[in-house]
Protein chains: 2
Amino acid sequence: MNKKLNGRQLAQTEALNMERHVKEEIPSEGQSPVADPGLSEKCSPVVIDDVPLNGPTLDGLAAEEFIHQSMAIIIEDAVKKATDVKEKVCEWRSPDQLKELLDLELRDGGESDSKILQRCRDAIRYSVKTTHPRFFNQLYAGMEPYSMVASFIAEALKPSLYTYEVAPVFTLMEDAVLRKMKELIGWEEGGDGIFNPGGSMSNMYAMNLARYNHSPDIKELGLSAVPRLVVFTSQECHYSITKAAALLGIGTKNVYVVPSDQRGKMIVSALENKIKTAKSEGAFPFMVNATAGTTVLGAFDPIEEIADICEKHNLWLHVDACWGGAALMSKKHKHLLKGIHRADSVAWNPHKMLMACLQCSAFLVRDKTNLQLCHSSRASYLFQPDKFYDISYDTGDKSLQCSRKADAFKFWLMWKALGSSQLEERVDRALAMARYLVQEIKKREGFRLLMEPEFANVCFWYIPPSLRNLPDGPELYQKLHTVAPVVKERMMKTGSMMVGYQPHRDKPNFFRMVVISPQVSRQDMDFVLDEIHSLGKDL
Amino acid sequence: MNKKLNGRQLAQTEALNMERHVKEEIPSEGQSPVADPGLSEKCSPVVIDDVPLNGPTLDGLAAEEFIHQSMAIIIEDAVKKATDVKEKVCEWRSPDQLKELLDLELRDGGESDSKILQRCRDAIRYSVKTTHPRFFNQLYAGMEPYSMVASFIAEALKPSLYTYEVAPVFTLMEDAVLRKMKELIGWEEGGDGIFNPGGSMSNMYAMNLARYNHSPDIKELGLSAVPRLVVFTSQECHYSITKAAALLGIGTKNVYVVPSDQRGKMIVSALENKIKTAKSEGAFPFMVNATAGTTVLGAFDPIEEIADICEKHNLWLHVDACWGGAALMSKKHKHLLKGIHRADSVAWNPHKMLMACLQCSAFLVRDKTNLQLCHSSRASYLFQPDKFYDISYDTGDKSLQCSRKADAFKFWLMWKALGSSQLEERVDRALAMARYLVQEIKKREGFRLLMEPEFANVCFWYIPPSLRNLPDGPELYQKLHTVAPVVKERMMKTGSMMVGYQPHRDKPNFFRMVVISPQVSRQDMDFVLDEIHSLGKDL
């Protein structure tokens, strides 16, 4: 691509040739024998440190051609084939095999465009198709065309959301999306917010803001002179709460883990006991994290009751609704998050059930000023006070990042296209699909539910015929524990589907199915159960 | 898009119709009058909570058609027009004007595909074209076709780099890129690393690892029982160092700011004095941040001498080479980072001078185990120990994030295409271009350099004719301070180019030019100077 020449360059070629000529033979400037004196002036050859500087060295036409060809491959392989139910979800290769297939090493010499196009095809081929209708491995899945297009636009434009002047459109779109999300939470007075690279980051923001609210001096003075701070969360919470406590210098031991009931919901009386314990130890409780939609069981902590306790003890209430926040779109299911309007902050990932492209994670806060105060550093090269526009639109100082992507746009465009009503329908359908799956599991021999699901997570065991006569007890559990990993290995190697498994507390390995995408139908649910049986019946 | 039907759906339509029929008139299952009993069995109608579950509700063909049409717009508007030097860099609108133009509100009802395509066009139209040859506003710029294509592929596939099983290709590519970067740093024993959403995040990782290295117990116990920790950095460092200290509970006051010389380089003797001061106060120094390529002046701290001091005092040496790291690609310029192989950790953003798409930020660490130990939380639903492949390829537990994007791929593909040799040429050319600009500034009346640049940052004042007779002194400085903001406003409103400005220490507002992209030629440098004069000569 650097060898061919585009239109703009062609005009410079002669000058470059001249330049070499001039440099080698007539070292005085401005004497090149060009007929048009205007051209001569514009193109007077310049070479510095042996680098010719006239004209661009990137061939725009060749670049365009390359992008065109790649786009065709992307649509064919990464969109159409990747989402085709008749194709594989993945084409499994071990790390060693894949290393050999991909020739990963980076060398001095470059490669031709056709070689690079082949590399694109290979990268797609051996990648897991997370947009495939049979991908159920994570809490995100499926292809959302509007969001995908928005992400392509953002990738092509490379905006960074520190200042309005560099990202005017996306700054305003972020604001519009956050406003609507705050409305759904029920904060009548508004609030503040920011999109982050992932829900873990949002949970960290929450902890930092809660701490700032508790004692703003910590930002300057640090924690070394401060009595021990304690945060509370359930045993079912996402691991990012612990990671945040470690990073923030609070310490993982100062995350007091509140037990959950059998359904995975925080036991509120236990929370209050833990708070009392912390106080009796001389520590300072400052935050409770409630989870709305736990990762494995899909359980919702009772927000209303937790909010009562937070009010009583003057604690920051954060709701990690990264997964369960989607229910706020649905009149039928929003009761799951009853009381969320009383939260001080909320993390909510539209890239999960609402299918915005990865990553699309909102952090929302009821207070209007502390997000900026807690994170600001007022860098003079970005946030000049003498700008000619209203600098309250420069959101960069609210963030821990410097450059920040236009993630909100990926949600805004699809929301515009679908409207709240179709987003609601999708959520309702995902939960109806989970209920269908539960019915089927109950009907089929060899399948056993962990529990009735509250949300979209359907957790179940597959019991191969050889184990069906064993009574409930340690022997069955021990043997059952080895079933899911083998079925998983087989499904990966077949490439027919991807479903996650894990152990949980005293429970041996079980499958967790999560349905998200409108590409998926109840036939796919039937397929999953048939396929698990077919892959595991000999175990 | 949800109304039309694709092939797979067509097969289900009859069943769905039947379903309604069945539901309304014949509520018994399995009695629908279908000729093929196989089809009947597969498609037996299912409705749960009033939601029909047979067949997907997303119309794949319509989605494909929409993506096709969008791609054409993206190539035409966001690639070709956006990078065309004859087009505007930006089409300025104030926040209020733009809000009206864009109709940002999100409503219950959705919009037609043709309306959404128009919204895509508008989003592109009013966005700043950071890939335009006349965009010089940040430390990133330009269009890199290979990297752009890689980012499209990643957006389409939606990989998340927690586990090998979900992102096999991109996990291995990240490993290959990190390996090569560590080689360029000169770590003969290898090391470890991870790609992060931005250099600020990498600097935070560095501080966390330095603290873990100083005292691993802090992860569990927090800082409340620990004597005050102190980190050292120059007054020219990036603001993320202070942000990291605030977030990590170290406190911004415990960032001891070491003075820099007039060129912006850390004064090493002053560093040693600060360390002694901290120790005499009873505090614990644990880390020095050296900057390789400061944000405003492009200065390089003397790494070798700083490394000597770190060794002597047993301090972690982090090098923030987010901007200057690119020089490691160049035999001619890598001397700027002499001694970097002695660093304990390095932050290096290939999305800056090396032009990988935003974001592409590597954090590299010489130690091989602590990145994981410091950040791990061993979530059982992701990092199952009973997997069927080598789980050392599951990199997710090294990260503070949960879902993490395939940023390394955007660098890997372009590196494959260009080879190290062309990356080197680009760096050399960017620095030659900066030298050309310096020569021109010296030649022209009314332009004055702040100082001879060490790297690609060219900082200069434009002095309008009305001020040229004023002697150096407060009056000139005060008046000069108001020039750059007005010129900036005018260039934004004209849309002819974007160049950043800022004050710095005692210096009034000046322009900072940074050349990165091979689309840019010395004619563009001439244009910038001509245009600044043309926009500001009446001031």
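Being a predicted model, the structure only gives us computed values, none of them experimental.
- One finds the NZ atom of A:K405 at 6.5 Å from the CD atom of B:Q359 (value rounded to the nearest 0.5 Å).
- Both the backbone and the side chain of A:M173 come within less than 4.5 Å of a heavy atom in chain B.
- Judged by distance alone, the side chain of A:Y140 and the main-chain N or O of B:K158 form a donor-acceptor pair under 3.5 Å.
- Both the backbone and the side chain of A:N254 come within contact range of chain B, each with at least one heavy atom under 4.5 Å from a heavy atom of that chain.
- Contacts of B:Q138 with chain A are made by side-chain atoms alone, with heavy-atom separations under 4.5 Å and no backbone atom involved.
- Between the side chain of B:S521 and the main chain of A:L53, no donor-acceptor pair closer than 3.5 Å is present.
- Using a 4.5 Å cut-off between heavy atoms, B:K115 does not touch chain A at all.
- With a threshold of 4.5 angstrom between heavy atoms, A:V149 approaches chain B through its backbone and through its side chain.
- Contacts of B:Q384 with chain A are made by side-chain atoms alone, with heavy-atom separations under 4.5 Å and no backbone atom involved.
- Within the 4.5 angstrom heavy-atom criterion, atoms from both the backbone and the side chain of A:Y126 approach chain B.
- When heavy atoms are compared at a cutoff of 4.5 Å, B:H238 approaches chain A solely by way of its side chain, counted from C-beta outward.
- Here the side chain of A:R211 pairs a donor or acceptor atom with the backbone of B:L247 at under 3.5 angstrom.
- When each of B:K180, B:M148, B:R119, B:M201 is scored by its heavy-atom pairs under 4.5 Å with chain A, the top score falls to B:R119.
- Contact annotation for B:Y501: both backbone and side-chain heavy atoms come within less than 4.5 Å of a heavy atom of chain A.
- B:S240 does not touch chain A: none of its heavy atoms, backbone or side chain, sits under 4.5 Å away.
- Proximity to chain A (any heavy atom under 4.5 Å) is shown, for B:P168, by both the backbone and the side chain.
- Between the side chain of A:K416 and the main chain of B:E105, a donor-acceptor pair closer than 3.5 Å is present.
- For B:V296, the part lying near chain A is the side chain, with the backbone staying farther off; criterion is any non-hydrogen pair under 4.5 Å.
- Both the backbone and the side chain of B:Y436 have a heavy atom closer than 4.5 Å to some heavy atom of chain A.
- The heavy-atom pair separating A:K99 from B:Y393 by the smallest distance is NZ-OH, 2.6 Å.
- Side-chain atoms of B:S224 never come within 3.5 Å of backbone atoms of A:S224 as a donor-acceptor pair (strictly under, hydrogens ignored).
- Heavy atoms of B:L98 lying under 4.5 Å from chain A belong to its backbone as well as its side chain.
- Under the side chain to side chain contact (heavy atoms under 4.5 Å, CB included) test applied with B:L157, the options A:I124, A:L358, A:V128 reduce to a single match, A:I124.
- For B:N137, the part lying under 4.5 angstrom from a heavy atom of chain A is the side chain only.
- Using cut-offs of 30° and 60° on the angle between ring planes, the pair B:F388 and A:W92 is tilted.
- Panel note: side chain A:Q401, backbone B:P197; a donor-acceptor pair is recorded below 3.5 Å.
- Using a 4.5 Å cut-off between heavy atoms, A:V177 touches chain B through backbone and side chain atoms alike.
- A side-chain donor-acceptor contact under 3.5 Å links B:Q523 to the backbone of A:G55.
- No side-chain donor-acceptor contact under 3.5 Å links A:S403 to the backbone of B:G198.
- For B:P227, the part lying under 4.5 angstrom from a heavy atom of chain A is the backbone only.
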